[in-house]
Amino acid sequence: MVGKIVEVEAYRGSDDPASHAFRGLTPRNAPMFGEPGRAYVYFTYGNHYCLNITTRESGIPGAVLIRAIEPIEGISAMVRLRPKVPKLALTNGPGKLTKALRIDKSLNEIDMTKHGPLYVTKAEAGDFEVGRSTRIGIAAGKDRLWRFYVFGNPYVSQRQTAEGLQRPRLGRKEPERVI
DNA sequence: TCGAAGATTCTA
DNA sequence: AGAATCTTCGAA
């Protein structure tokens with residue numbers, strides 16, 4: 001299965017009250033303090049896994065939550081994992097995409113920079129614009145515009161009207177693929 | 001050991 | 001708008 005990442009949120013450490021790492025190292029958030037480029041998978045609300053990719057050097061907490069992807073290959077397999085769900089809703093949320101890609105805690109801490117069961121890689125992509133807004137589903141840290149998404153992409157999660165929404169800016173970066 | 005909250009989703 | 005559902009963490 002292959003998808004293009006179209007929506008992410010950034011989380012940091014003691015300077016970010018919305019982050020799992022805000023109060024320091026715990027067993028759950030340990031990957032955020034570890035090597036960059038690893039998966040940080042956590043379970044929440046009794047039902048859902050969420051996938052992050054760690055971003056900062058060892059000892060400094062940081063991760064990017066993958067909130068939505070655009071399905072590219074293996075769509076029938078994704079539908080099998082999320083039966084009776086229309087294509088547009090297959091992977092447009094952090095808990096939805098982990099289910100559609102069968103991502104769970106067994107992939108926690110996996111190296112996502114190398115070819116393996118779950119990894120990211122650069123791919124061709126035309127020009128696109130990046131929208132940004134406040135992060136979704138958080139109680140603190142609402143002042144930061146740390147949610148980023150491909151502007152106008154229909155596979156972005158349905159809450160683009162979150163407060164703090166800004167019109168597209170930032171540049172043309174190649175999006176990446178998840179497998 | 002216990003209670004409350006949670007980087008969500010689905011249904012009514 | 002509210003329930004579901006259970007892990008995690010901090011406080012007691």
Side-chain angles (χ1 to χ4, degrees), chain A residues 1 3 5-34 36-56 60-71 75 78-110 112 118 120 130-150 153-166 175-176 178:
Chain A
M1 293 180 276
I5 297 172
V6 296
E7 178 183 351
V8 298
E9 285 176 358
Y11 289 89
R12 308 215 299 190
S14 55
D15 61 340
D16 178 7
S19 174
H20 289 167
F22 181 56
R23 289 180 170 81
L25 178 69
T26 68
R28 178 179 66 163
N29 68 23
M32 289 186 72
F33 289 80
R38 305 294 187 86
Y40 167 40
V41 181
Y42 67 87
F43 183 71
T44 191
Y45 289 107
N47 279 312
H48 311 287
Y49 293 100
C50 291
L51 170 69
N52 296 251
I53 303 174
T54 60
T55 50
R56 309 192 71 189
I60 303 179
V64 167
L65 171 69
I66 310 301
R67 286 197 55 89
I69 67 166
E70 174 180 339
I75 293 167
M78 298 184 201
V79 173
R80 237 173 283 134
L81 290 160
R82 276 171 60 72
K84 288 182 275 190
V85 174
K87 186 182 173 194
L88 273 171
L90 221 40
T91 55
N92 65 342
K96 297 179 186 178
L97 72 91
T98 52
K99 180 121 195 201
L101 298 179
R102 206 193 285 107
I103 292 166
D104 62 20
K105 240 148 151 233
S106 69
L107 296 168
N108 197 30
E109 298 199 274
I110 196 175
M112 292 188 64
L118 179 69
V120 285
V130 178
R132 67 188 302 194
S133 77
T134 54
R135 293 170 290 180
I136 292 172
I138 55 168
K142 290 180 173 161
D143 52 320
R144 294 163 168 92
L145 302 180
W146 285 356
R147 170 174 174 256
F148 304 90
Y149 57 92
V150 177
N153 187 291
Y155 296 94
V156 168
S157 71
Q158 291 309 108
R159 278 186 183 163
Q160 302 205 19
T161 52
E163 252 189 276
L165 172 68
Q166 286 191 354
E176 304 194 312
V178 190

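Within every chain, numbering begins at 1; the chains are lettered A, B, ... in the order of the sequence lines, protein sequences first and strands thereafter.
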Can you name the atoms? Protein N/O to nucleotides 10-12 of chain B N/O, anything below 3.5 Å, with the distance.
residue, atom, partner, partner atom, Å
B:dC10, OP1, A:Arg82, NH1, 3.0
B:dC10, OP1, A:Arg82, NH2, 3.4

Open item on the list: Please give me every residue in residues 8-19 of chain A whose heavy atoms get under 4.0 Å of an atom in DNA chain C, ordered by residue number.
Closed with: none
Task: Residues in side-chain contact (heavy atoms from CB on, under 4.5 Å) contact with A:Ala18, at least two apart in sequence or another chain - done: A:Tyr11, A:Asp16, A:Arg135, A:Ile138
Task: For atom CZ of A:Arg135 and atom P of B:dT8, their distance in whole Å - done: 11 Å
Task: Bracket notation of DNA chain B in which parentheses pair within the strand, [ ] cross earlier pairs, and | pairs with another strand (Watson-Crick or G-U, under 3.5 Å) - done: ||||||.||||.
Open item on the list: Under the rule for salt bridge (charged side-chain N to carboxylate O under 4.0 Å, His left out), what residues qualify as partners of A:Glu9, not counting sequence neighbours?
Closed with: A:Arg67
Task: salt bridge (charged side-chain N to carboxylate O under 4.0 Å, His left out) partners of A:Asp15, counting only residues at least two apart - done: A:Arg12
Open item on the list: Which residues pass the ring-ring contact (aromatic ring centres under 6.0 Å, His included) test with A:Phe33, not counting sequence neighbours?
Closed with: none
- [ ] Mark up nucleotides 5-12 of chain C, 5' to 3', with B wherever a protein heavy atom is under 4.0 angstrom from a base atom, S wherever such an atom reaches only the sugar-phosphate, and - elsewhere.
- [x] BBSSSS--
- [ ] Specify the closest pair of heavy atoms between A:Ser157 and A:Ile136, including all atoms of both residues, with the distance to one decimal.
- [x] OG-CD1, 4.2 Å
TODO: Could you pull out all residues at least two apart from A:Tyr155 that satisfy ring-ring contact (aromatic ring centres under 6.0 Å, His included)?
DONE: none
Open item on the list: For a quick test of reading the model, state the closest non-hydrogen atom pair linking A:Leu145 to A:Arg132 and the distance between them.
Closed with: O-NH2, 2.9 Å
Task: For atom OH of A:Tyr42 and atom P of B:dA5, their distance in whole Å - done: 18 Å
Task: Minimum-distance pair of heavy atoms, taken over all atoms of A:Ile53 and A:Val120 - done: CD1-CG1, 3.7 Å
Open item on the list: Rounded to whole Å, please give me the gap between CG in A:Leu51 and P in B:dT9.
Closed with: 13 Å
- [ ] Give A:Ile138 one of three labels, base, sugar-phosphate or nothing, depending on what nucleic acid heavy atoms sit under 4.0 Å from its own.
- [x] sugar-phosphate
TODO: Give the minimum heavy-atom separation between A:Pro31 and A:Pro27, together with the two atoms involved.
DONE: CD-O, 4.5 Å
- [ ] Please state how far atom OH in A:Tyr40 lies from atom C1' in B:dA7, giving the value in whole angstrom units.
- [x] 9 Å
Name the atoms and distances for all side-chain donor-acceptor pairs under 3.5 Å in residues 79-89 of chain A, with sequence neighbours left out.
residue, atom, partner, partner atom, Å
A:Arg82, NE, A:Leu90, O, 2.9
A:Arg82, NH2, A:Ala89, O, 3.1

Below 3.5 Å, can you tabulate the donor-acceptor pairs from side chains in residues 40-48 of chain A to any protein atom, sequence neighbours excluded?
residue, atom, partner, partner atom, Å
A:Tyr40, OH, A:His20, ND1, 2.7

Task: Value in whole Å for how far the P atom of B:dT8 lies from CD of A:Glu7 - done: 10 Å
Open item on the list: So, taking the atom named CD1 in A:Ile60 and the one named OG1 in A:Thr55, what distance separates them when rounded to the nearest 0.5 Å?
Closed with: 10.0 Å
Task: For A:Thr98, side-chain contact (heavy atoms from CB on, under 4.5 Å) partners two or more places apart - done: A:Tyr49, A:Leu51, A:Ile103
